[in-house]
Amino acid sequence: MVDVNVEKLIDTFSLNDKQRQAALERKRDVVVTAGAGSGKTLTLVARYTSLLAEGISPRRIAAITFTKKAAREMRSRVRSKLITLQQTADNEQQRQKWGKLSAQMDSARIGTIHSLCSEILRSHPTEAGIDPRFDILDEGLSAAFRAQA
């Protein structure tokens with residue numbers, strides 16, 4: 001059962017039925033795939049902000065994209081939505097809640113699969129058996145090393 005306040009929040013996104021279903025799903029993780037311009041980011045931003053509305057900390061949500069550009073776009077849209085929610089809040093408690101969440105967006109786990117894996121490996125280098133000062137090769141350099149090998 002979805003909270004009435006979360007339903008109201010989701011209504012502000014003007015999602016279609018499938019997007020709404022993805023944004024409100026709580027019994028499992030959600031993967032959103034579709035063509036360019038179809039509303040993937042909108043759907044994920046709706047899901048992300050609705051999870052925040054339910055009291056889940058941004059550090060407990062992983063939003064994974066394929067590119068750094070997409071991750072920046074998603075973080076920017078979530079932050080913009082939180083600022084809008086703060087400005088239109090009905091009371092001071094809600095204004096403070098959305099403002100606090102907006103301030104936490106820099107540390108939110110919104111990024112590429114590479115950035116998430118890197119964060120996990122840097123947090124647990126001993127368990128992974130790696131040097132915690134490892135670096136990630138860009139595609140060009142990686143391809144050059146493969147060719148050389």
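In this text the structure is predicted, and so the values were computed from the model without any measurement. Keep in mind that the numbers below use all heavy atoms, side chains included, and drop hydrogens, waters and symmetry copies.
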| query | Has the side chain of R75 got a donor or acceptor atom that lies under 3.5 Å from a matching backbone atom of M105? | reply | yes

| So do P58 and R109 actually touch side chain to side chain, heavy atoms under 4.5 Å? | no

| said: Rounded at 0.5 Å granularity, tell me how far NZ in K40 sits from CG in L42. | reply: 11.5 Å

| task | Decide yes or no for L85 and Q94: does some side-chain heavy atom of the first lie under 4.5 Å from some side-chain heavy atom of the second? | result | no

| query | With sequence neighbours left out, what residues match R133 under salt bridge (charged side-chain N to carboxylate O under 4.0 Å, His left out)? | reply | D131

| Does V32 reach the side chain of Q19, with side-chain heavy atoms less than 4.5 Å apart? | no

| field | Contacts of type side-chain contact (heavy atoms from CB on, under 4.5 Å), residue R146, not counting sequence neighbours | value | S142, A143

| field | Joint hydrophobic cluster, I120 plus F134, side-chain heavy atoms closer than 4.5 Å | value | no

| Can I110 be reached from I113 by stepping across I, L, V, M, F, W or Y side chains whose heavy atoms are under 4.5 Å apart? | no

| request: Quick one: list whatever passes salt bridge (charged side-chain N to carboxylate O under 4.0 Å, His left out) with D29, sequence neighbours left out. | output: none

| message | How about CD on Q21, more than 12 heavy atoms from neighbouring residues, nucleotides or ligands closer than 6.0 Å, or not? | response | no

| query | Just wondering, more than 12 heavy atoms not from E127 lying within 6.0 Å of its CD? | reply | yes

| task | Look at the side-chain heavy atoms of Ile, Leu, Val, Met, Phe, Trp and Tyr, link any pair under 4.5 Å apart, and say whether L116 and I56 land in one connected group. | result | no

| message | Once side-chain contact (heavy atoms from CB on, under 4.5 Å) is applied, do any residues pair with D135, and if so which ones, sequence neighbours excluded? | response | none

Using residues 60-68 as the side-chain source, report each donor-acceptor pair under 3.5 Å to any protein atom, sequence neighbours left out, with the distance given to one decimal.
{"unit_1": "T65", "atom_1": "OG1", "unit_2": "T67", "atom_2": "O", "d": "2.9"}
{"unit_1": "T65", "atom_1": "OG1", "unit_2": "A71", "atom_2": "N", "d": "3.4"}
{"unit_1": "T67", "atom_1": "OG1", "unit_2": "A70", "atom_2": "N", "d": "3.0"}

| Between the side chain of S118 and the main-chain N/O of H114, is any donor-acceptor distance below 3.5 Å? | no

| query | Side chain of R47, backbone of E25: donor and acceptor closer than 3.5 Å? | reply | yes

| message | For N91, I'd like to know if atom CG has over 12 heavy atoms of other residues, nucleotides or ligands within 6.0 Å. | response | yes

| said: Just so I know, are the side chains of T43 and F13 near enough to count as touching, which here means a heavy-atom distance under 4.5 Å? | reply: no

| query | Would a 4.5 Å heavy-atom cut-off, applied to side chains only, mark S80 and I83 as touching? | reply | no

| said: What I'd like to find out is whether the side chain of Q96 reaches to under 4.5 Å of the side chain of Q86, using heavy atoms alone. | reply: no

| Atom OG1 in T12, atom CD in E7: separation rounded to 0.5 Å? | 11.5 Å

| Steps toward salt bridge (charged side-chain N to carboxylate O under 4.0 Å, His left out) verdict (R95, E92) | CA-CA 5 Å; R95 265 188 289 288; E92 186 58 30; 3.2 Å; yes

| Does a side-chain heavy-atom distance below 4.5 Å link L24 with R20? | yes

| query | Would a 4.5 Å heavy-atom cut-off, applied to side chains only, mark Y48 and R77 as touching? | reply | no

| query | Sequence neighbours excluded, which residues qualify as side-chain contact (heavy atoms from CB on, under 4.5 Å) partners of S50? | reply | V6, L9, I10, R26

| Does a donor on one side chain sit under 3.5 Å from an acceptor on the other, for R72 and S76? | no

| field | E139 atom CD: more than 12 heavy-atom contacts under 6.0 Å | value | no

| request: Give the intermediate values and the outcome of salt bridge (charged side-chain N to carboxylate O under 4.0 Å, His left out) for residues K69 and E73. | output: CA-CA 6 Å; K69 179 182 177 187; E73 177 67 21; over 6 Å; no

